[in-house]
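All values below come from the heavy atoms of this structure, side chains included, with hydrogens, waters and symmetry mates left out. In each ligand, atom 1 is the first atom listed, and ligand 1 is the first ligand listed. Note that the numbering runs from 1 along the sequence shown for the chain.
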Amino acid sequence: MEAQKAHVLVVPYPSQGRMNPMFQFSKWLASKGIKPTLAPTLCFSKLMDTTAISTHYGLPIKVRPFSDGYDDGGFIQAGSIPAYLDSLKVNGPKTLAQLIEKLTEEGDPVKAIIYDGFLPWALDVAKKFGLLGVLFFPESCSVNSIYYHVQRGLIKVPLMGPGPSTVSVPGVPELQPWETPSFVYNGSYPEWFAWVLRQFSDIDQVDWVLCSIFYEMEKEVVDWMSTMWKVGTVGPTIPSYYLDKRLEDDKDYTFNRFKPTTSVTKNWLDTNPKNSVIYMSFGSLAKLSEPQFEELAWGLRNTHKNFLWVVRESEQAKLPKQFIEETSGQGLVVGWTSQLEVLSHEATGCFVTHCGFNSVLEALSLGVPIVGVPQWFDQGTNAKFAEDVWRVGIRAKVDDKGIVGRESLEECIREVMEGEKREELRKNADKWKRLANEAMDEGGSSDKNIDEFVSFLVGC
Ligand code: UDP
């Protein structure tokens with residue numbers, strides 16, 4: 001498509017898991033002639049090499065931050081969820097509006113705001129300036145369908161305790177209450193939950209709804225959503241190198257919240273045979289209890305299989321004392337790595353994951369079977385889908401204290417890597433990898449949706 005130069009502001013919520021998909025989508029827009037300006041929070045922008053990004057792959061992606069009111073430490077500086085969200089709600093719209101004015105003054109006016117659903121006030125800013133408002137969902141459509149039904153009062157929450165025995169929403173298989181997102185199930189983190197639901201208050205006014213999945217993953221829910229809004233699935237939003245390779249050199253997410261140890265893990269993986277390594281990671285946010293660390297650690301050791309475990313630096317003190325020494329010939333513990341490189345390495349045979357949505361999407365797109373150990377948020381629902389809908393994994397059982405025990409973990413890993421289900425899981429994982437590729441490749445469902453969205457932007 002020839003260069004059209006419509007300028008859009010892409011506004012992600014400040015977390016690794018929510019930045020990655022929107023950043024990837026920006027690369028696709030740029031490759032199709034749109035001019036994206038990425039607007040992270042000022043605090044997050046300080047973690048980015050903005051010069052490298054602006055010249056990244058020759059794509060014209062600029063970075064211009066807005067302020068959440070905590071420019072030095074973001075969420076950590078705020079100290080609590082309510083303090084952070086209150087500040088974001090007050091300072092976000094104000095400074096985003098200033099940014100739009102500034103861009104106009106500079107002779108580079110914006111045509112649309114593509115915003116993360118967790119920043120719903122961005123739609124008000126878009127409307128105030130007469131811009132197009134585009135909502136981006138970096139999680140599953142089923143999860144959003146459940147939130148939508150709660151927001152509209154169609155599901156009474158919390159579900160825990162007496163109440164309906166199962167939950168049904170259009171296009172989603174019947175769920176046990178505990179398989180719904182944690183806020184819906186147990187009413188925890190009320191401020192967060194209210195924030196999450198708020199994204200549906202004005203959804204009827206948005207011009208487009210974009211989703212980081214690909215159509216085949218959640219056809220029925222996408223069809224249902226499309227009866228209400230203009231919806232486009234544009235994923236999987238992972239670097240092109242791991243899919244159709246049409247974006248030259250697009251090998252990573254370009255942004256790392258923590259310092260990666262990429263060459264260490266690559267060298268170590270290279271010494272291991274095909275499908276032999278367990279990769280375990282709980283993403284960028286989850287904080288596990290010490291007893292849970294203890295069970296996971298000894299469960300890994302008891303498999304006698306080689307493992308690579310990402311434990312963020314801030315969590316490493318919770319590892320059992322002798323664990324690193326005792327498993328020095330068996331495993332490697334690192335603070336952060338390139339998950340994509342690990343999942344695509346032929347030595348990786350199984351992914352023990354908290355089922356953050358990006359992790360599941362990456363496993364599906366790279367054909368790696370999953371052991372799900374969900375913690376909170378939407379992770380339990382994602383794990384349910386991995387096991388029962390996409391059939392690429394199994395969920396570990398929790399005990400009555402909510403902990404996955406060492407035997408349970410070991411059993412699941414054995415089942416995935418050498419048990420009866422192994423062949424079926426591998427076959428399904430390969431199938432999803434192929435479908436993910438087809439969706440993003442020229443003429444695939446996501447490629448067509450991106451083209452349609454680009455034509456819409458240019459034509460408006
Ligand atoms: N990730 C990574 N290196 C790591 C662990 C995770 O690059 O060592 C990336 C991973 O590829 C994914 C993101 O961090 O894109 C985590 O997002 P997810 O939605 O899975 O979980 P969250 O961090 O939001 O809980």
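- If you check which protein heavy atom lies closest to atom 2 (C) of ligand 1, you get Trp336 CZ2, 3.3 Å.
- Contact atoms of ligand 1 toward Ser281: 5 (C) (distance under 4.0 Å to a heavy atom of the residue).
- Put simply, no part of Arg18 is less than 4.0 Å from ligand 1, judged by heavy atoms.
- The Gly283 neighbourhood of ligand 1 comprises atoms 23 (O), with distances under 4.0 Å to a heavy atom of that residue.
- By the criterion of a heavy-atom distance under 4.0 Å, the backbone of Phe357, and not its side chain, is placed next to ligand 1.
- Shortest contact from atom 3 (N) of ligand 1 to any protein heavy atom: Thr337 O, 2.6 Å.
- Looking at His354 against ligand 1, only its side chain comes within 4.0 Å, counting heavy atoms.
- Less than 4.0 angstrom separates some heavy atom of Gly17 from each of these atoms of ligand 1: 17 (O), 24 (O).
- Only the side chain of Tyr253 comes within 4.0 Å of ligand 1, judged by heavy-atom distances.
- The atoms of ligand 1 that sit less than 4.0 Å from any heavy atom of Asn20 are 12 (C), 13 (C), 15 (O).
- Short contacts between ligand 1 and Val310, defined as distances under 4.0 Å to a heavy atom of the residue, involve ligand atoms 8 (O).
- Arg312 places a side-chain N or O within donor-acceptor distance of the main-chain N or O of Gly283, the cut-off being under 3.5 Å.
- Interface atoms of ligand 1 facing Gln16, defined by a heavy-atom separation under 4.0 Å, are 13 (C), 14 (O).
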